[in-house]
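None of these values were measured; they are calculated from a predicted model.
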Amino acid sequence: MKALIFSDEPKNAREIITYLRGKMDIDVISQEDMELPGYGAKKVYFYKDGFIDNLSKFLVDYLSKNKYDFVFISSTNTGRELAGILSYRLKMKCMPEIFSFEHSDKTITKRFFHGGKTVVEEESDFHMFTVSPGICEAEKSDKKSEVENIALDKSNYKIINVKSKNTAGTDIRNARVIVSIGRGLGSQENIEKIKPLVEELHAEIAGSRPVCLDYKWLSEDKQVGLSGKKVRPDFYIALGISGQIQHIAGIRGSKTIIAINKDKSAPIFEECDYGIVGDIFTIVPELVEKLK
């Protein structure tokens with residue numbers, strides 16, 4: 001079997017290659033990345049100055065001329081838009097947001113459903129899929145890819161201005177330990193009270209949607225959840241987070257979830273591996289002392 005992967009984020013491409021490696025031959029189209037040829041794809045195509053119009057034109061032409069059994073597209077903003085265009089132009093049904101793929105006589109995929117509350121397993125004859133970021137941890141291969149640069153047609157779009165969002169610098173998607181805060185923290189000033197735990201664990205701090213978007217206690221790039229970032233740390237520690245399904249969708253990949261909340265009925269306790277019912281500002285100092 002042969003597959004084509006497209007991702008405008010090389011990090012996601014590395015994950016998908018690792019996941020599919022050994023199951024089929026893989027070609028990849030992505031933005032230039034020095035590490036990408038070291039992950040075991042047969043061939044890597046690099047592009048520059050890609051926009052929806054010239055990328056979709058190139059991919060439609062390329063897939064019309066080259067035979068692939070499956071097409072996997074990273075579920076980014078660009079990837080999802082491209083998937084819709086390709087599905088229509090190439091008459092290929094597309095299965096969205098998968099995090100598991102197996103193929104024998106039929107294709108079996110898994111994806112989150114109902115905002116991440118449930119997992120649906122589906123059998124289909126689909127050949128195109130969008131892949132959720134973090135499908136697995138990227139691992140390098142001894143096999144080196146052949147590399148080719150591709151020239152896209154000139155786009156009808158033109159960037160006239162770029163205004164960067166305020167960020168805290170570190171991408172929480174790469175964190176091994178995350179201490180995440182919710183409205184139960186009470187105020188932005190109380191963040192200082194949980195920083196000793198963050199520092200003792202060498203963790204990254206993150207937050208729920210209200211904390212990052214409504215109250216702006218943290219910057220937007222620290223938001224975890226369905227409309228934020230999906231994370232896969234070894235330890236995810238939720239402080240004062242109720243655990244609505246939109247937030248749970250962002251932490252499903254965590255290996256161990258620990259929750260501290262004074263509300264014993266909080267939904268987070270149905271999702272966590274370890275839960276402590278109690279006051280954050282009493283428990284956190286005790287944890288820090290134990291860790292020391």
Side-chain angles (χ1 to χ4, degrees), residues 1-99 101 103 107 109 126-159 171 173 230:
M1 292 188 297
K2 189 176 180 182
L4 177 70
I5 296 170
F6 173 84
S7 178
D8 58 311
E9 291 192 10
K11 176 182 181 296
N12 296 356
R14 296 195 293 266
E15 294 170 348
I16 302 172
I17 295 169
T18 302
Y19 184 80
L20 297 175
R21 202 168 60 207
K23 298 179 181 180
M24 58 191 76
D25 292 330
I26 303 166
D27 291 338
V28 182
I29 298 175
S30 185
Q31 297 195 74
E32 190 168 356
D33 175 68
M34 296 297 291
E35 293 185 26
L36 197 55
Y39 282 81
K42 184 177 181 181
K43 193 164 185 177
V44 173
Y45 297 92
F46 287 133
Y47 70 86
K48 293 182 180 179
D49 301 321
F51 294 88
I52 291 297
D53 59 344
N54 58 1
L55 278 172
S56 60
K57 182 180 184 304
F58 174 84
L59 287 168
V60 167
D61 292 343
Y62 181 83
L63 288 168
S64 298
K65 296 174 183 176
N66 295 274
K67 174 65 177 176
Y68 288 94
D69 298 291
F70 299 104
V71 178
F72 297 91
I73 301 174
S74 177
S75 184
T76 62
N77 290 337
T78 297
R80 289 189 293 272
E81 190 169 354
L82 281 174
I85 295 171
L86 297 181
S87 179
Y88 174 76
R89 294 284 302 279
L90 298 171
K91 309 303 179 187
M92 292 177 67
K93 292 177 287 188
C94 181
M95 183 74 73
E97 300 292 326
I98 68 167
F99 67 85
F101 173 91
H103 179 81
T107 297
T109 55
F126 286 21
H127 295 273
M128 184 184 296
F129 311 87
T130 62
V131 182
S132 293
I135 191 168
C136 73
E137 293 185 17
E139 294 181 0
K140 287 191 174 182
S141 168
D142 294 333
K143 180 182 176 182
K144 296 294 181 182
S145 307
E146 180 184 347
V147 176
E148 182 178 329
N149 293 316
I150 57 176
L152 300 175
D153 290 347
K154 185 178 180 180
S155 173
N156 291 318
Y157 295 95
K158 181 181 179 181
I159 297 176
D171 191 340
R173 291 175 297 184
K230 296 179 181 179

Steps toward side-chain contact (heavy atoms from CB on, under 4.5 Å) verdict (Asp153, Phe58): CA-CA 8 Å; Asp153 290 347; Phe58 174 84; over 6 Å; no
Full working for salt bridge (Lys or Arg N to Asp or Glu O under 4.0 Å) between Glu15 and Arg173: CA-CA 13 Å; Glu15 294 170 348; Arg173 291 175 297 184; over 6 Å; no
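Partners of Glu97 under the side-chain contact (heavy atoms from CB on, under 4.5 Å) rule, at least two apart in sequence or in another chain, are Ser75, Arg80, Thr130, Ser132, Lys230. Every residue was checked against the side chain to side chain donor-acceptor pair (under 3.5 Å) condition with Ser145, not counting sequence neighbours, and none meets it. Scored by the ring pair (Phe, Tyr, Trp, His ring centres under 6.0 Å) test, Phe70 finds Phe101, His103, His127 as partners (sequence neighbours excluded). Residues forming a side chain to side chain donor-acceptor pair (under 3.5 Å) with Ser141 (at least two apart in sequence, or on another chain): none. Listed by chain and residue number, nothing satisfies the ring pair (Phe, Tyr, Trp, His ring centres under 6.0 Å) test with Phe126 (two or more places apart in sequence, or in another chain). Shown here are the side chain to side chain donor-acceptor pair (under 3.5 Å) partners of Ser87, two or more places apart in sequence or in another chain: there are none. With sequence neighbours excluded, no residue satisfies side-chain contact (heavy atoms from CB on, under 4.5 Å) with Lys144. Shown here are the salt bridge (charged side-chain N to carboxylate O under 4.0 Å, His left out) partners of Asp33, two or more places apart in sequence or in another chain: Arg14. Under the side chain to side chain donor-acceptor pair (under 3.5 Å) criterion, Arg21 pairs with no residue, sequence neighbours left out.
Rounding to the nearest 0.5 angstrom, the gap separating the CD1 atom in Ile135 from the OG1 atom in Thr18 is 10.5 Å. For the atom pair OG1 of Thr76 and NZ of Lys11, the computed distance is 12.5 Å after rounding to the nearest 0.5 Å. Leu55 CG to Leu82 CG: the interatomic distance, rounded to the nearest 0.5 Å, is 5.5 Å. Atom-to-atom distance recorded for Ile73:CD1 and Asn12:CG is 13.0 Å, nearest 0.5 angstrom. Atoms CD1 and CD1, from Ile17 and Ile5 in turn, are 5.0 Å apart once rounded to the nearest 0.5 Å. Here CD of Glu146 is found 9.0 Å from CG of Asp27. Values are rounded to the nearest 0.5 Å.
The heavy-atom pair separating Ser56 from Leu86 by the smallest distance is O-CD2, 4.1 Å. Residues Asp53 and Asn156 approach most closely at OD2-N, 2.7 Å, considering heavy atoms.
The ring pair (Phe, Tyr, Trp, His ring centres under 6.0 Å) with Phe129 is formed by just one residue from the set Phe6, Phe72, Phe99, Tyr19; it is Phe72.
Among pairs with a residue in residues 61-73, those fulfilling salt bridge (charged side-chain N to carboxylate O under 4.0 Å, His left out) read Lys57-Asp61, at least two apart in sequence or across chains.
Ser155 and Asn54 form no side-chain donor-acceptor contact under 3.5 Å, judged by distance and modelled atom types alone.
With hydrogens and angles ignored, the 3.5 Å screen pairs a side-chain donor or acceptor of Gln31 with a backbone N or O of Asp8.
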Less than 3.5 Å apart, which donor and acceptor atoms pair up between the side chains of residues 34-51 and the rest of the protein, not counting sequence neighbours?
from, atom 1, to, atom 2, distance (Å)
Lys43, NZ, Glu148, OE1, 2.8
Tyr45, OH, Tyr62, OH, 3.3

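Other residues, nucleotides and ligands place no more than 12 heavy atoms under 6.0 Å from the NZ atom of Lys154.
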